[in-house]
Every structure is written in structure tokens, then in C-alpha cells.
Amino acid sequence: MRPAPPGTERELLERAVALAGLTLQQVAGRIGWPCPPDLRRNKGWSGQLLEEVLGTDAGSLAEPDFRTLGVELKSLPVDARGRPRESTYVCTVPLESSAGSWEDSWVFNKLRRVLWIPIEADPAIPLPRRRVGAPLLWSPDPRQEALLRRDWEELMDMVCLGELERITAHHGSVLQIRPKAADARALTWGVDASGDRVLTTPRGFYLRSRFTAEILQQHYIIP
DNA sequence: AGCTGATCATAT
DNA sequence: ATATGATCAGCT
């Protein structure tokens, strides 16, 4: 059912281009998946559908989806004007490890090469009829990488200094930290200002939608 | 209308 | 519990 992973970026892009313009129902039908009426009880369904159809090979490891290519796959819900409707989850925030460098960070290693696939997400369109957009293979340009790096360094400084409870989604110009858990009761270990281990909410890094909007505006043409 | 904090599903 | 895939829903 699941195709072999693409061997090259070109092959990956060809597979993705072949999906452009299809509805989610049509894409799901190709691999025998039923299309749910909405995403209410399965928020990641369309992202998982694209993984399955395109043949990712990283599972749920903390690595790019196409590990042999070093390419991360991100679906991007867009409104009628082609603007992202939501922020984009990047990865878990390491709450216990020491600083490390930007180059070694999960954030950088996931975002250095991304295949963005816009998906119509206007709530007026029933999920099965929403169309997949044209794919975009992207790497951050120097300015974008500098913005990401600065946010990451500031946020990770706060994490490492035990200022986790001070971090809100207001921090960061393009990259932010928000809760990432089953619910608000979920707990994991972090470090407080005294350096002691404390239980806290698991967090994730997210890209603000104005950042992904910029990426699409620069490169993407609405079909 | 945009944004933040909360939440849903699955695999290991 | 930790990782992945994300969107929901209420507040400003």
C-alpha cells in the first residue's frame, strides 16, 4: 500500500505535483483510505494521508519525514486567499538538555529543507472536497534563517535558565513555544530557575502563520 | 479576525 | 510518557 520512499528530491516533487488539484477524497481513494467528514476527531488526518501517499520513511522519529533525502513534509491549511489558517508545528522543545547549537537543533534540522503542501481549509468546504495545492520545496533564505535562529536562541536561553513558566506564545517573532500535549494535565520534566527538576507542561516549537504566509507569497501561485 | 492555550489521534 | 500528524475553541 505505502509506496517506497522517493529516491531523489525530483522524484518526491513529481509525486507531489501529481496530487495538486485533487480533492482529499480522491487522494485518500488512491490508497483505499476513507475520508472522514471533518477533522474534529482526527486533526492530523490530512498530514498523515500525505505521508502515506508520498512514502515517508521516518515514522515518528525526531527526524525529517524523508530521512534519506533530509526533507521534511508539512501540510499547510490555507484559506480562500491562499493564506495559512494555522501555525505550523515543528518539533518538541527539549526541556532538560543543555543549550547546544542552532546547527544541531531539531528545529534547524527539520526546517533546512521542507516540502510544503497547501491544502484548502476553508470551513465552508466539506473535508472530502478540499483540494490539495501545488507543492513547494523550500529552504530558509539567509534572512529567514537568521530570524529563526534568533528566536530559537532566545527561547532556548529561557528554557535553559529555568524560565519556562515565563515563556508564553507571545515570545518569538517567527518561532514560538506553545503547549503540546494531550491536554493541560499532561506533565513532563523540566528545569526551574534553581536548576532543580520540575514537572511542567510539554511544549512544542511552532512557526507563526505570518512566517509561512511569507514563504507561500514568495513562491506559491494559487491554482 | 488573529492569536494563544488546549486538545484529538496514532505509533513506539 | 515521548515522539509524530495537526486543528480546535475561546479570548482579546
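Residue numbers begin at 1 in each chain, while the letters A, B, ... track the order of the sequences. For clarity, every value in this text was computed on a predicted model and none was experimentally measured.
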message: If the test is side-chain hydrogen bond (donor to acceptor under 3.5 Å, both in side chains), which one of Arg85(A), Arg131(A), Arg129(A), Arg130(A) qualifies with Glu120(A)?
response: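 Among Arg85(A), Arg131(A), Arg129(A), Arg130(A), the one meeting side-chain hydrogen bond (donor to acceptor under 3.5 Å, both in side chains) with Glu120(A) is Arg131(A).
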OP1 or OP2 of [N] sitting under 4.0 Å from any side-chain N/O of [X]?
X        : N      : result
Arg83(A) : dA1(B) : no
Ser75(A) : dA6(C) : yes
Arg40(A) : dT7(B) : no

field: Sorted by number, the residues of residues 150-169 of chain A with heavy-atom contact under 4.0 Å to DNA chain B
entry: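 Within this stretch, Thr168(A), Ala169(A) sit under 4.0 Å of the strand.
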- prompt: Residues from residues 176-196 of chain A sitting under 4.0 Å of DNA chain B, heavy atoms only?
  reply: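 Under 4.0 Å from DNA chain B: Gln176(A), Arg178(A), Pro179(A), Lys180(A), Ala181(A), Ala182(A), Asp183(A), Ala184(A).
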Within the structure shown, what part of the strands sits under 4.0 Å from [X] by heavy-atom distance: base, sugar-phosphate, or nothing?
X         : value
Gly47(A)  : sugar-phosphate
Pro202(A) : nothing
Ser87(A)  : base

Whole angstroms only, please: what is the [atom1]-[atom2] distance between [X] and [N]?
X         : N      : atom1 : atom2 : answer
Glu63(A)  : dA3(C) : CD    : P     : 13 Å
Leu39(A)  : dC8(B) : CG    : P     : 15 Å
Glu86(A)  : dC8(B) : CD    : C1'   : 13 Å
Asp38(A)  : dC8(C) : CG    : P     : 8 Å
Arg197(A) : dA1(C) : CZ    : P     : 13 Å
His170(A) : dG2(B) : NE2   : C1'   : 12 Å
Tyr206(A) : dG5(C) : OH    : P     : 11 Å
Arg81(A)  : dA1(B) : CZ    : C1'   : 10 Å

task: Could you please spell out the steps behind the side-chain hydrogen bond (donor to acceptor under 3.5 Å, both in side chains) verdict for Thr88(A) and Arg208(A)?
output: CA-CA 7 Å; Thr88(A) 300; Arg208(A) 291 185 183 280; over 6 Å; no
query: On DNA chain C, nearest-nucleotide positions of Trp45(A) versus Arg85(A): which is more 5'?
result: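 Nearer the 5' end of the strand: Trp45(A).
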Pair Arg113(A)-Glu72(A), salt bridge (Lys or Arg N to Asp or Glu O under 4.0 Å): steps then yes or no: CA-CA 6 Å; Arg113(A) 198 73 173 149; Glu72(A) 174 74 6; over 6 Å; no
task: Give the nucleotide from the list dC8(B), dA3(C), dT7(C) with an atom nearest to the side chain of Arg41(A).
output: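 In terms of side-chain proximity for Arg41(A), the closest of dC8(B), dA3(C), dT7(C) is dC8(B).
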Among dG5(C), dT4(B), dA3(C), the one nearest Lys74(A) by side-chain distance: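 Of the candidates, dG5(C) comes closest.
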message: Determine whether a donor-acceptor pair (one donor, one acceptor, N or O, separation below 3.5 Å) exists between the side chain of Tyr89(A) and the base of dA3(C).
response: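 Answer is no: no donor-acceptor pair is held.
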Can [X] and [Y] be counted as having a side-chain donor-acceptor contact under 3.5 angstrom?
X         : Y         : answer
Trp138(A) : Gln218(A) : no
Thr200(A) : Glu165(A) : yes
Arg203(A) : Thr188(A) : no

query: Near Arg143(A) CZ, under 6.0 Å, is it more than 12 heavy atoms from other residues, nucleotides or ligands?
result: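 Correct, the count exceeds 12.
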- request: Look at Arg40(A) together with Asp38(A) and state whether they make a salt bridge at an N to O cut-off of under 4.0 Å.
  value: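 The answer is no: the pair does not qualify as a salt bridge.
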Donor-acceptor pair, side chain of Thr168(A) and main chain of His170(A), under 3.5 angstrom: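 Answer holds: yes.
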For Arg67(A), salt bridge (charged side-chain N to carboxylate O under 4.0 Å, His left out) partners two or more places apart: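 For Arg67(A), the residues satisfying salt bridge (charged side-chain N to carboxylate O under 4.0 Å, His left out) (neighbours in sequence not counted) are Glu63(A).
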